[in-house]
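Everything on this sheet refers to the single structure shown next.
To find a chain, count down the sequence lines: A is the first, B the second, and so on, and within it residues start at 1. Only this structure's heavy atoms are used, side chains among them; waters, hydrogens and symmetry mates stay out. Everything quoted here is computed from the prediction, not taken from an experiment.
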Number of protein chains: 2
Amino acid sequence: MARAALSADVVVDLALQVVDELGPAALTLSAVADRAGVAAPSLYKHVRNLAELRGLVSTRITDEIADRVGEAVLGRSADDAVRALMTAWRRYAQRHPHRYSALVQTSGPRTSEAGARLLGILSATLRAYGMDDSAVVHAARCLRAAVHGFAVLEAENAFGLPEQPDESYDLLIRMMAAGLSALRPGPPPATGGGDG
Amino acid sequence: MARAALSADVVVDLALQVVDELGPAALTLSAVADRAGVAAPSLYKHVRNLAELRGLVSTRITDEIADRVGEAVLGRSADDAVRALMTAWRRYAQRHPHRYSALVQTSGPRTSEAGARLLGILSATLRAYGMDDSAVVHAARCLRAAVHGFAVLEAENAFGLPEQPDESYDLLIRMMAAGLSALRPGPPPATGGGDG
DNA sequence: CCAAAAAGCTAAAGGCATTAGCCGAAGGTG
DNA sequence: CACCTTCGGCTAATGCCTTTAGCTTTTTGG
């Protein structure tokens, strides 16, 4: 091996720094090369091109989210787990808004691997509601859509009004938890109230 | 006035063509200029720069969504209106996936005007549930997050599994409608699931 | 000590955004 | 009708970024 300064992983590390500090639009090979103390073309020894770097960044982010969310659900189940999951996911987006905006779903081969891990955590959490496999898929999509939508909007500063986003999110959590409970096979609640 | 060939509106029209056909990443002043049959620098007579063009495109898209959603809600109320609203919103994203991906929330002055119109429709729809103003804001955020999240994911082809997205979305609609009904002032549920 | 591979460098091409300054056409005015 | 102002287009030029090609240096394993 030659000078062990850089590696694909380190390049992704630096790319994340750039994203965090300057936003996804500033993620450029030049910017990363500067931080690496290296000329831009040298990066091609570690990464195929900018598109691939973006993909690696997305994969890394997805992995990080899966880590946090997976940890959050440990030892919890049903509504409790859903609340923990949603809270952890949003917290990640809040702490790294640029990073979250850089997240792109366009599934490359490796990105979908990280995505599958995250999806697995979602599905495992939802199985506690006693759904069949197909219902789990649909419910997981809904949960993911709600969380992702909220996180994206918040990361993009789309909530202009003075109302606390925390309160809005708490409402979303309750809506999702209630909706999932309603899917549980068994006696449905009579009223349209809390658990309905 | 000189040759009335181009105008800011026409430039946005052409930009939308580019986005529809080639995706948001291909929205470039050169590409738009080509379609206009004009040299790239000429566009600066109609648009301040690429960033502004992107903003105008977003504004136009937001306006279109507000049109469709507003029309869909006409004469409906409560759950019925929510279903129509969510369906119309998603249909727009399905019919113009690239366009939807090009939508960016970063509120410029005019974009927020179109956004305010859309928000107004949402709020008016939710007021049928008898919420107070603050509750409407929180509920509107949740609804927006859920719809937007689903639409983004679907537009980015993030649903890989064979299960029908239509079914998933129907579930999301039911979850949101149920959740909103549960907010209606009235006899609170006995369990801790409700307002906790 | 030597050779091969890894990792860096410079040079160069090509695309795009943006600025500056020029020119011709349209329209109104006297 | 002649004029002149303004509008909208053009060319030239700059600078940034990606990407390819080919050279050089360093490291490492035998």
Between [N] atom [atom2] and [X] atom [atom1], what is the distance in whole Å?
X      : N       : atom1 : atom2 : result
R54(B) : dA17(C) : CZ    : C1'   : 11 Å
E52(A) : dT18(D) : CD    : P     : 15 Å
L43(A) : dT20(D) : CG    : C1'   : 14 Å
R48(B) : dT19(C) : CZ    : P     : 10 Å
L6(B)  : dC10(D) : CG    : P     : 10 Å
L29(B) : dC17(D) : CG    : C1'   : 16 Å
L50(B) : dC17(D) : CG    : P     : 15 Å
K45(B) : dT19(C) : NZ    : P     : 13 Å

Can you figure out which of [options] approaches the side chain of [X] most closely?
X      : options                   : result
P41(A) : dT18(D), dC10(D), dA21(D) : dA21(D)
S30(A) : dC17(D), dT20(D), dG9(D)  : dC17(D)
S42(A) : dG9(D), dT18(D), dG8(C)   : dG8(C)
A39(A) : dC9(C), dC16(C), dT20(D)  : dC9(C)

Is it the case that more than 12 heavy atoms not belonging to D133(A) sit under 6.0 Å from its CG atom?
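Counting other residues, nucleotides and ligands, CG of D133(A) stays at 12 neighbours or fewer.
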Does dC7(D) have OP1 or OP2 sitting under 4.0 Å from an N or O in the side chain of H46(B)?
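Answer is no, no contact under 4.0 Å.
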Under the side chain to side chain contact (heavy atoms under 4.5 Å, CB included) criterion, do R90(A) and E154(A) qualify, and how do the steps go?
CA-CA 9 Å; R90(A) 175 183 177 226; E154(A) 197 173 21; 2.8 Å; yes
Given R95(A) and E64(A), is the salt bridge (Lys or Arg N to Asp or Glu O under 4.0 Å) satisfied, shown in steps?
CA-CA 12 Å; R95(A) 291 225 251 250; E64(A) 287 183 353; over 6 Å; no
State yes or no: are the ring centers of H148(B) and Y100(B) separated by less than 6.0 Å?
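Ring-ring flag for H148(B)/Y100(B): true, centres closer than 6.0 Å.
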So what does T28(A) touch, heavy atoms closer than 4.0 Å: a base, only the sugar-phosphate, or nothing?
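It contacts sugar-phosphate atoms only.
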Please evaluate residues V12(A) and L53(A) with respect to the criterion side chain to side chain contact (heavy atoms under 4.5 Å, CB included), reporting the C-alpha separation (whole Å), side-chain torsions for both, the decisive distance (0.1 Å), and the verdict.
CA-CA 7 Å; V12(A) 172; L53(A) 177 56; 4.2 Å; yes
